[in-house]
Asker: 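Input: one structure, supplied below.
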Amino acid sequence: MSEKRNIRDHKRRLLAAKYELRRKLYKAFCKDPDLPSDMRDKHRYKLSKLPRNSSFARVRNRCISTGRPRSVYEFFRISRIVFRGLASRGPLMGIKKSSW
């Protein structure tokens with residue numbers, strides 16, 4: 001199940017990167033007060049016709065091993081639960097579980 005979620009998230013990332021420039025351009029045209037309103041409406045319509053998954057707001061950072069969407073360390077791309085297990089076993093370079 002987690003593999004399916006990660007694949008879906010990866011597709012969203014690719015789609016967002018593909019349409020990033022076009023989306024920014026349409027948004028800039030929509031926000032420009034100097035343009036006539038019909039031109040702004042035309043660009044707003046074009047923005048609405050882009051795929052929904054092409055928005056970066058729909059991209060979610062997920063754990064690459066479990067697919068967990070919350071509490072993911074962005075640098076390692078793993079969740080805190082997996083991180084703790086790997087840190088205690090020792091396969092993460094430079095990370096060790098503290099004890100005092």
Side-chain angles (χ1 to χ4, degrees):
M1 189 65 155
S2 68
E3 188 67 28
K4 183 178 176 183
R5 289 184 192 133
N6 284 343
I7 289 171
R8 189 182 328 141
D9 190 58
H10 182 68
K11 285 181 182 177
R12 283 182 181 162
R13 285 179 191 277
L14 293 177
L15 205 59
K18 179 181 176 183
Y19 286 100
E20 178 183 14
L21 188 62
R22 198 176 309 175
R23 184 174 284 278
K24 283 186 179 180
L25 186 70
Y26 290 157
K27 279 190 175 185
F29 280 133
C30 290
K31 291 180 181 179
D32 190 7
D34 297 334
L35 291 176
S37 64
D38 59 332
M39 186 178 283
R40 285 189 307 212
D41 290 340
K42 184 177 78 171
H43 287 294
R44 196 171 294 121
Y45 176 75
K46 286 182 180 179
L47 183 64
S48 71
K49 288 300 171 186
L50 290 178
R52 283 189 181 182
N53 286 337
S54 67
S55 172
F56 272 108
R58 292 177 70 102
V59 173
R60 183 79 183 189
N61 288 335
R62 289 190 175 272
C63 175
I64 56 174
S65 60
T66 61
R68 183 180 165 86
R70 295 184 178 193
S71 69
V72 174
Y73 293 117
E74 196 171 345
F75 184 76
F76 296 103
R77 292 184 57 203
I78 54 177
S79 67
R80 62 180 173 83
I81 299 163
V82 175
F83 181 82
R84 185 169 183 227
L86 291 175
S88 62
R89 284 193 303 265
L92 291 177
M93 300 298 285
I95 306 291
K96 64 177 184 178
K97 190 169 182 282
S98 64
S99 59
W100 57 90

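Start at 1 with the first residue, then count along the sequence.
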Asker: With side-chain contact (heavy atoms from CB on, under 4.5 Å) as the criterion, how do Asn61 and Arg77 come out once you've worked through the C-alpha distance, each side chain's angles and the decisive distance to 0.1 Å?
Answerer: CA-CA 8 Å; Asn61 288 335; Arg77 292 184 57 203; over 6 Å; no

Asker: With side-chain contact (heavy atoms from CB on, under 4.5 Å) as the test, would you mind laying out the steps for Lys18 and Leu14 before giving the verdict?
Answerer: CA-CA 6 Å; Lys18 179 181 176 183; Leu14 293 177; over 6 Å; no

Asker: Tell me, with the steps shown, if Arg70 and Arg60 meet side-chain contact (heavy atoms from CB on, under 4.5 Å).
Answerer: CA-CA 9 Å; Arg70 295 184 178 193; Arg60 183 79 183 189; 3.6 Å; yes

Asker: Ser55 side chain to Arg52 main-chain N or O, any donor-acceptor pair under 3.5 Å?
Answerer: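 No, Ser55 side chain to Arg52 backbone: no donor-acceptor pair under 3.5 Å.
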
Asker: Which residue, Leu15, Asp9, Ile7, forms the side chain to side chain contact (heavy atoms under 4.5 Å, CB included) with Lys11?
Answerer: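 Of all the options given, the one that passes is Ile7.
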
Asker: Looking at Cys63 and Ser79, what are the two nearest heavy atoms and their distance?
Answerer: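 Looking at all heavy atoms of both residues, the closest pair is SG-N, 3.3 Å.
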
Asker: Is it the case that one hydrophobic cluster holds both Met39 and Leu25, taking links as side-chain heavy atoms less than 4.5 Å apart, direct or via other members?
Answerer: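 Cluster IDs for Met39 and Leu25 match.
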
Asker: Does any non-hydrogen side-chain atom of Arg62 lie less than 4.5 Å from one of Val72?
Answerer: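 In short, these two side chains do not touch, never coming nearer than 4.5 Å.
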
Asker: Out of curiosity, Ile81 CD1 to Arg68 CZ, how far, rounded to the nearest 0.5 Å?
Answerer: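 Result: 4.0 Å between the selected atoms.
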
Asker: Please check if atom CZ in Arg84 has more than 12 non-hydrogen atoms from other residues, nucleotides or ligands closer than 6.0 Å.
Answerer: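 Result for CZ/Arg84: open.
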
Asker: Taking all non-hydrogen atoms of both residues, which atom of Ala87 and which atom of Ile95 are closest, and how far apart?
Answerer: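 Heavy-atom minimum between the residues: CB-CG2, 3.8 Å.
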
Asker: Does this structure show an ion pair linking Lys42 with Asp38, if we count only N-O contacts that are shorter than 4.0 Å?
Answerer: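 Result for this pair is no, no salt bridge flagged.
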
Asker: Closest approach of Ile78 and Ile64, non-hydrogen atoms and distance?
Answerer: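 Closest heavy-atom pair between Ile78 and Ile64: CG2-CG1, 4.0 Å.
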
Asker: CG/Leu86 to CE/Met93 distance, rounded to the nearest 0.5 angstrom?
Answerer: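 Between atom CG of Leu86 and atom CE of Met93 there are 13.5 Å.
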
Asker: Could you check whether the rings of Tyr26 and His43 sit parallel, tilted or perpendicular, using 30° and 60° as the cut-offs?
Answerer: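 Taking His43 first and then Tyr26, their aromatic rings sit tilted (interplane angle of 30° to 60°).
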
Asker: Heavy atoms only: give me the nearest Pro51-Ser54 pair and the separation to one decimal.
Answerer: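 Looking at all heavy atoms of both residues, the shortest contact is O-OG, 2.5 Å.
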
Asker: Does atom CZ of Phe56 have more than 12 heavy-atom neighbours from other groups under 6.0 Å away?
Answerer: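 Result for CZ/Phe56: enclosed.
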
